[in-house]
Every structure is written in structure tokens, then in C-alpha cells.
S.K.: 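Quick one: this structure, given as C-alpha cells, is what I'll be asking you about.
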Amino acid sequence: NKVMKDILQQIATSNGWHFDYGRSDFHNLETEADKEYYFFLDPIEESVTFDEYAAPTKHTYNGRFMLLKHSDFDRVYNSQSDNNQTEGKYEQYIKPCKEAVMKIANALCGDYTIEGWRMIEVINLYDNNFDGVLVTFQITTND
């Protein structure tokens with residue numbers, strides 16, 4: 001049974017995303033600048049269900065991660081006017097992250113059951129001005 005951290009790291013690196021695992025206050029120290037997407041995974045809570053013989057029957061993983069892109073701090077959130085030449089933050093950064101994050105859900109389908117998947121848009125995060133999406137998840141595997 002592979003550890004969920006390793007599974008998510010494998011998905012992130014196979015998509016060419018930067019991967020970082022740990023407490024969120026350390027994510028602010030990220031300086032790698034050549035990636036399109038940045039995947040930040042917080043420590044994962046794991047619950048194990050056992051059968052009457054103390055053999056594990058189910059693992060449930062609760063946690064959160066962010067898929068982010070470097071952004072321009074002064075860009076508007078959502079451009080309303082048709083003749084505005086610059087896309088807003090939503091179109092430029094958040095929407096692509098929302099679409100890309102579904103690659104994770106697709107990669108988990110089959111072997112795992114996604115019990116919960118909540119997405120929250122994030123703007124101007126950390127010193128590097130990241131925009132994107134924060135996902136809170138609950139994923140279960142049956143052994």
C-alpha cells in the first residue's frame with residue numbers, strides 16, 4: 001500500500017509541476033522559478049480501519065494541497081470589460097489551476113475513492129504572489 005504523499009508527489013512530478021511537502025509556513029520559502037505549476041502538500045492525516053484480526057481493511061487520507069501559478073500582484077481579479085487587453089487573475093491563473101487539479105482526481109480514480117474534494121480559490125499567496133486553488137480532500141482506499 002503506497003503512502004498518499006508518494007502518490008500525490010508522483011502525480012505532480014509526472015505533470016512537470018514543482019512539488020513541496022510540509023507545513024504551510026515553509027512553502028513561503030519556495031524560490032524555484034522555472035515551473036508553470038507549484039504543488040504544495042500539507043501533512044496528511046491518515047485513519048486506518050481494521051478487521052477483527054487486526055488487519056487493515058481501509059485507509060482514509062484527509063488533507064489539503066494547493067496548485068498555484070506565479071502571478072502579477074497588481075492584476076485585477078476578474079476583468080469585466082471586453083476591450084480590456086489583460087486577462088484577470090481568474091482567467092490567467094486560477095481557471096488553469098482548477099482545470100489542471102482535476103488531473104489528480106483522474107489519476108486517483110479506480111484505485112481510490114474520493115469521498116470529498118473542496119476547491120477554494122487563492123490569490124496573492126506568499127511572497128511569490130501565487131494564485132490558484134486550494135483543495136481539501138478525503139480519499140479512501142480499500143485494501
Side-chain angles (χ1 to χ4, degrees), residues 1-80 84-143:
N1 188 8
K2 285 183 80 175
V3 179
M4 184 56 60
K5 178 253 179 199
D6 295 336
I7 294 161
L8 293 171
Q9 182 172 4
Q10 183 179 6
I11 293 168
T13 54
S14 70
N15 280 295
W17 304 337
H18 169 80
F19 178 84
D20 194 33
Y21 178 70
R23 289 191 350 225
S24 62
D25 51 335
F26 287 105
H27 298 323
N28 196 36
L29 303 174
E30 181 48 50
T31 57
E32 186 178 8
D34 61 341
K35 298 287 186 182
E36 183 178 9
Y37 290 98
Y38 293 80
F39 185 92
F40 295 116
L41 177 63
D42 288 350
I44 299 172
E45 175 190 306
E46 180 178 357
S47 302
V48 183
T49 305
F50 297 93
D51 67 13
E52 64 270 22
Y53 305 106
T57 58
K58 183 168 80 169
H59 292 259
T60 301
Y61 302 95
N62 290 292
R64 63 184 214 160
F65 61 80
M66 292 179 287
L67 188 63
L68 306 170
K69 294 180 77 149
H70 276 293
S71 65
D72 296 329
F73 180 75
D74 58 350
R75 192 170 288 231
V76 296
Y77 183 69
N78 193 21
S79 61
Q80 299 295 328
N84 185 348
Q85 296 302 313
T86 40
E87 288 182 313
K89 285 179 170 285
Y90 181 82
E91 289 293 324
Q92 183 79 18
Y93 308 114
I94 295 168
K95 187 177 176 186
C97 287
K98 278 184 159 183
E99 292 167 357
V101 88
M102 296 315 285
K103 293 178 182 179
I104 299 166
N106 292 338
L108 291 170
C109 281
D111 297 329
Y112 302 90
T113 303
I114 299 174
E115 308 278 352
W117 189 271
R118 270 187 36 227
M119 295 192 291
I120 303 165
E121 298 169 10
V122 292
I123 306 149
N124 295 333
L125 199 66
Y126 302 135
D127 293 342
N128 289 333
N129 294 327
F130 285 117
D131 290 343
V133 63
L134 181 147
V135 176
T136 304
F137 64 85
Q138 181 175 29
I139 298 168
T140 301
T141 179
N142 291 308
D143 294 338

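None of these values were measured; they are calculated from a predicted model. Scope of the values below: all heavy atoms of this structure, side chains included, with no hydrogens, waters or symmetry mates.
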S.K.: For a side chain to side chain contact (heavy atoms under 4.5 Å, CB included) check, start with the C-alpha distance between Tyr37 and Val101, then their side-chain angles and the critical distance, and finish with the verdict.
M.R.: CA-CA 10 Å; Tyr37 290 98; Val101 88; over 6 Å; no
S.K.: How far apart are the closest heavy atoms of Pro96 and Gln92, and which atoms are they?
M.R.: CG-O, 3.5 Å
S.K.: To check you understand the geometry: which heavy-atom pair defines the closest contact between Leu67 and Ala100, and what is its length?
M.R.: CD2-CB, 3.7 Å
S.K.: Which atoms form the tightest heavy-atom contact between Pro43 and Gly22, and what is the distance?
M.R.: CD-O, 3.2 Å
S.K.: How many angstroms lie between CG in Asp51 and NZ in Lys58, if you round to the nearest 0.5 Å?
M.R.: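 Answer for the CG-NZ pair, Asp51 versus Lys58, is 13.0 Å.
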S.K.: Return the set of residues passing salt bridge (Lys or Arg N to Asp or Glu O under 4.0 Å) with Lys103 (not counting sequence neighbours), or none when no residue passes.
M.R.: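 Expected list: none.
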S.K.: Inspect the surroundings of NZ in Lys95 and state if more than 12 heavy atoms from other residues, nucleotides or ligands are less than 6.0 Å away.
M.R.: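 Check fails, neighbour count at 12 or below.
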S.K.: Going by the ring pair (Phe, Tyr, Trp, His ring centres under 6.0 Å) test, name the single residue among Phe130, Trp17, Tyr21 that passes it with Phe40.
M.R.: Phe130
S.K.: Main chain of His59, side chain of Thr141: is a donor-acceptor contact present, judged purely on distance under 3.5 Å?
M.R.: no
S.K.: How long is the gap from CD1 on Ile11 to CG on Leu108, to the nearest 0.5 Å?
M.R.: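 The distance works out to 4.5 Å.
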S.K.: In Å and rounded to the nearest 0.5 Å, what is the OH to CG distance from Tyr61 to Leu8?
M.R.: 10.0 Å
S.K.: Hey, which of Tyr38, Phe65, Phe39 is the one that makes ring pair (Phe, Tyr, Trp, His ring centres under 6.0 Å) with Phe19?
M.R.: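 When Tyr38, Phe65, Phe39 are each tested with Phe19, the ring pair (Phe, Tyr, Trp, His ring centres under 6.0 Å) holds only for Phe39.
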S.K.: Can you confirm whether Leu41 sits close enough to Gln9 that some side-chain heavy atom of one is under 4.5 Å from a side-chain heavy atom of the other?
M.R.: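 Counting from C-beta outward, Leu41 and Gln9 never come under 4.5 Å.
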S.K.: Where is the tightest heavy-atom contact between Val122 and Val133, given as atom of each residue plus distance?
M.R.: CG2-N, 3.8 Å
S.K.: If we check side-chain contact (heavy atoms from CB on, under 4.5 Å) with Arg64, which of these qualifies: Val135, Ile44, Ile120, Thr136?
M.R.: Thr136
S.K.: What distance separates Ile139 CD1 from Met4 CE, expressed to the nearest 0.5 Å?
M.R.: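 Separation between the atoms: 4.5 Å.
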S.K.: Check whether any side-chain heavy atom of Asn15 sits under 4.5 Å from a side-chain heavy atom of Ile104, and report yes or no.
M.R.: no
S.K.: Are the side chains of Thr60 and Glu115 in touch, meaning some heavy atoms are under 4.5 Å apart?
M.R.: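 The answer is no; the side chains never approach within 4.5 Å.
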S.K.: Nearest 0.5 Å please: distance from the CG atom of Asp20 over to the CG atom of Asp42.
M.R.: 9.5 Å
S.K.: Can you tell me how far CG of Asp131 sits from SG of Cys97, rounded to the nearest 0.5 angstrom?
M.R.: 8.0 Å
S.K.: Between Gly16 and Lys35, what is the shortest heavy-atom contact and its length?
M.R.: O-CD, 3.5 Å
